[in-house]
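Have a look at the structure below before the remarks.
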Number of protein chains: 2
Amino acid sequence: MARARIVDPEQGPRSKRGAILVAAVERFGEDGYENTKWSEVADRVGIGQTALYHYFESKAHCLLTIMRLELQRSHDQFVEATKDETEPVEELRAAVRAAFAVTEQEIRQMRILQANMSLLATPRKSKREETERVAARQLVQMVERDWTNLLMRGMSKGAYPVRDAHTLGLAVLGMIVSVWRWYRPSGAIPLSEISEMIEGCVVRMVAE
Amino acid sequence: MARARIVDPEQGPRSKRGAILVAAVERFGEDGYENTKWSEVADRVGIGQTALYHYFESKAHCLLTIMRLELQRSHDQFVEATKDETEPVEELRAAVRAAFAVTEQEIRQMRILQANMSLLATPRKSKREETERVAARQLVQMVERDWTNLLMRGMSKGAYPVRDAHTLGLAVLGMIVSVWRWYRPSGAIPLSEISEMIEGCVVRMVAE
DNA sequence: AAACAACCTGAGTTCAGTTCAGTTTGACTG
DNA sequence: CAGTCAAACTGAACTGAACTCAGGTTGTTT
């Protein structure tokens, strides 16, 4: 499965779309979306601010694109990590580990996604923005279903006690993504340790 | 312990500060902060938009005030709920239940708090905004410490296995607050059921 | 080398948030 | 009960970042 990439080979050779997304991920990820001037992104790429509108309809359209790409990647990574597992508890562990097997850019993208999640709730006025929003929303539901289905499989096999799989799935997912609110690569605790701690928590939550 | 109230008796009798906060909580909670025009809040209160600046230095100052008040309330409620408990697992359960014993307005305030948490990360230019931001940040740390301390007490009493109490506390807190991202009073699952599910999850995560 | 699409720009517009320069309201004082 | 003062308020003007417009440039293709 091809992982969703910021740099899209579908674009023309002169296209700066990829560069804009990379720059936007850096700025939105470090200072936050609202705190970042759209013109700063243009400066970083080395083009005038109006040139941005050749690639994105608006600043929000760029943000929504980043969010959709990250959601697509998360979903793909979940599928990839769990496809060969048959034993429920191992499948659960693999899914958690996959969620934390990310690069620094992907950490920023997760942070952007979490910080702006509420943007997906209300319709957008422009067409292209709305398309990205709806796509992102569907991916959110898909990721939620990934977890719900994993839990239901384990429950029906008798490996986990039977509980409301949907609510439990949201709780597990909520705990995992909450890490991106506070984790910084420069922090005291390495990500591997956090991953192990969360893995243990999830297993106890679900399988005991 | 007096719970932090939106309507502050310290204000003069003619003051509309409380009414503004109530209106802002409604609008920010339903449509989101960015999606809400500051003038809509004024309309709802029944004053001109410039009158808002008599009470708040800016739209952001109002938001930060709402966030601080909600954090204060959360902290107070945690303290209130756990002060009489001596048995660690019961104390843990009481803390989780307290986190979900909220009114509809408080749910909106939690939603606003969660959606705009990243605002607390970067300094504000104006003095009064920065004061509120720093106060809110300290309350976040206080709430984190509430959980960390509860976990450490339980560990040192031998009631919970010893783990990194800080990271575990953040995980527990992250799971609890993540509920406010998706829960709606109109939804299919009643809050009491969610509360019970999370309570069980937290106990298994921490005490097993 | 002509044609065309992709890519880019400076000047101007918009709109929500904010400031300014006062005016009104009502409680309290002498 | 007239005068005073601070709290509360207002319409008009300002600001700055997102965005639009009306074209200009670049590189590729035939």
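Below, chains carry the letters A, B, ... as their sequence lines are ordered, and counting in each starts from 1.
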- Query: Can you tell me how far P of C/dT18 sits from CZ of B/R128, to the nearest Å?
  - Reply: 12 Å
- Ion pair A/E129/A/R124, N-O distance below 4.0 Å: yes
- Task: Identify the 5'-most and 3'-most nucleotides of DNA chain D with at least one atom closer than 4.0 Å to a non-hydrogen atom of chain A.
- Result: D/dA17 to D/dG27
- Going by atom types alone, do B/R137 and B/Q141 pair a side-chain donor with an acceptor below 3.5 Å? no
- Message: Tell me whether B/E26 is salt-bridged to B/R108, with the criterion being a basic N under 4.0 Å from an acidic carboxylate O.
- Response: no
- Query: What nucleic acid atoms does A/S126 come within less than 4.0 Å of, heavy atoms only: base, sugar-phosphate, or nothing?
  - Reply: nothing
- Query: Are any side-chain N or O atoms of A/Y53 and backbone N or O atoms of A/S58, one a donor and one an acceptor, separated by less than 3.5 Å?
  - Reply: no
- Message: Less than 4.0 angstrom between a side-chain N/O of A/Y53 and OP1 or OP2 of C/dT9, yes or no?
- Response: no
- Could you give the CZ-to-P distance, from B/R14 to C/dT25, as a whole number of Å? 10 Å
- Here the distance between atom C1' of C/dT18 and atom CG of B/L52, to the nearest Å, is 11 Å
- First of A/S58 and B/K16 reached from the 5' end of DNA chain D, by closest nucleotide: B/K16
- Query: Rounded to the Å, how far apart are B/W38 CH2 and C/dC15 C1'?
  - Reply: 17 Å
- Hey, would you say the A/F100 and A/W180 ring centroids sit under 6.0 Å apart? yes
- For the pair B/E91 and B/R153, find out whether any cationic side-chain nitrogen is under 4.0 Å from an anionic carboxylate oxygen. yes
- Interatomic distance where CD1 belongs to B/I47 and P belongs to C/dT25 [whole Å]: 16 Å
- Report the distance from atom CZ of A/F56 to atom P of C/dC7, rounded to the nearest whole Å. 12 Å
- Message: Strictly below 4.0 Å: does A/H54 bring a side-chain N or O up to OP1 or OP2 of C/dC8?
- Response: no
- Item | Comparing B/Q49 and A/E34 on DNA chain D - which has the more 5′ nearest nucleotide | B/Q49
- When rounded to whole Å, the OH to C1' distance for the pair A/Y55 and C/dA6 reads 8 Å
- Query: Looking just at side-chain N and O atoms, do A/T122 and B/N35 make a donor-acceptor pair shorter than 3.5 Å?
  - Reply: yes
